[in-house]
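Notes follow once the structure below has been shown.
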Amino acid sequence: MAKKLGFGCMRLPLLDPADQASFDKEQLKRMVDTFIERGFTYFDTAWMYHNFQSEEVLKKVLVQRYPRDKFTITSKLPIMMIYTEAKQRETFERQLQKVGVDYFDYYLVHSLNENTYKNAVKLHSFEYLQQLKAQGKIKHMGISFHDSAELLDRILTEHPEIELVQIQLNYVDWNSDSIQSGKCYDVICKHNKPVVVMEPIKGGTLANVPEEVKSMFKQSEPDLSVASWAIRFAASQPQVMMVLSGMSSYEQLDDNTSYMQDFKPLSEDQMALTTKAAEIINSTIAVPCTACRYCVKGCPKKIAIPEYFSLYNQKKRFGKKGFVTEVAYYNNLIVDHGKASECIECKKCEKICPQHIKVSEVMKDVAKEFEG
Ligand code: SF4
Ligand code: SF4
């Protein structure tokens, strides 16, 4: 059975952190060598990663140095920046050249949400991927996804030809009302497709948890890193085929590969510990919204109140510069909902909120955070 750790090529080691294309190639080669030596094979890249350079650097550090049957490569169709079928074809052919391969093992329509899905349907992207598969230019077709479980269910129902789904999944987002990792996972299980996990450590932030959580994990397994809990949580879900980790240093790779070489799923007690850890992390929340949704129906501006609060809490809690997933989710939500800045302060929601949250006041902060 393939080992469940994939090399995410979105956060590769750099010589200058301000220059996304300044790869530390020597370190990267060493990382690739150890990864392969330890029996791992899966590499995940995309057109726009590292300022459009990730695919090319992979060619240099992996493709030109190893036989093709030693590794599998996933790349993705950048549907958010393609507007004609001709450009779609041209982009794919260019990607093969950039990576230096004749075929991709997995090729995904990148980052589907309400908007990009409409574009993919318009450009017949799923039909195009099926053609590529018939021609042997890709072995498997799939999607990566960043929206609600409801939309995911619709896409998988409308396109049963999709073979695998990549989603954000980690123990903190598992029950999140906005990211919906757990609900999305359940939908994929319902459709009986394999799951590829992205953001298992939430951009590195679950390697840096509150002291209380850290000591809880250390007490249970003194020799294992805090980050290992996040990776192993994701890998322990039975439908998960691969967990991607965006490894930025040899040390991270050494750590990840050490416990994933002979992976053992978390026990029930350990799973319970991650639930507790999520509770502790969540207790640092800025807005105590329980997502009961009592307020939602009455809002005259159709503002997605609990979803915005969930994203606001995530952003406040982790507050990591450059970590923009929450902003992307916010931008998805405002397609069909009023923006936080459109709140007219009617306070209908406040009258009904069992948590007595001053919604109209917090909305101003949400607007500042996501629209400013
Ligand atoms: S106060 Fe704002 S968020 Fe609340 S119901 Fe009125 S418009 Fe909607
Ligand atoms: S009523 Fe209050 S707790 Fe419930 S979803 Fe709305 S803001 Fe959150």
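Hydrogens, waters and symmetry mates are skipped; everything else that's a heavy atom, side chains included, is used. Atoms within each ligand, like the ligands themselves, are counted from 1 in listed order.
- Cation-pi geometry between K139 and F104 is not met: the NZ or CZ atom fails to fall both under 6.0 Å from the ring centre and inside 45° of the normal.
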Exercise. Please assess Y308 against H337 for the test ring-ring contact (aromatic ring centres under 6.0 Å, His included), listing each intermediate value before the final yes or no.
Key: CA-CA 10 Å; Y308 291 177; H337 298 91; 7.0 Å; no

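- Note that R65 lies outside the cation-pi zone of F71, set by a 6.0 Å cut-off to the ring centre and a 45° limit from the axis.
- Cation-pi geometry between K98 and W47 is met: under 6.0 angstrom from the ring centre, within 45 degrees of the axis.
- Between E93 and K137, at least one side-chain nitrogen of the basic residue sits less than 4.0 Å from a carboxylate oxygen of the acidic one, meeting the salt-bridge criterion.
- Under a 4.0 Å N-O distance rule, the pair E55/R94 does not qualify as a salt bridge.
- Atom 6 (Fe) of ligand 1 has C346 SG, 2.3 Å as its closest protein atom, hydrogens excluded (heavy atom only).
- Classification of K133 and E163 as a salt-bridged pair holds, one side-chain N sitting under 4.0 Å from a carboxylate O.
- Counting only distances under 2.8 Å, and ignoring water, the protein N, O or S atoms around atom 6 (Fe) of ligand 2 are C295 SG.
- Contact atoms of ligand 1 toward K347: 1 (S), 6 (Fe) (distance under 4.0 Å to a heavy atom of the residue).
- Between D102 and R68 there is no salt bridge, since none of the side-chain N atoms of the basic residue sits less than 4.0 Å from a carboxylate O of the acidic one.
- Of all protein heavy atoms, the one closest to atom 8 (Fe) of ligand 1 is C299 SG, 2.4 Å.
- Atom 2 (Fe) of ligand 1 has its closest protein heavy atom at C343 SG, 2.4 Å.
- Using a 4.0 Å cut-off to heavy atoms of I344, the atoms of ligand 1 that qualify are 7 (S).
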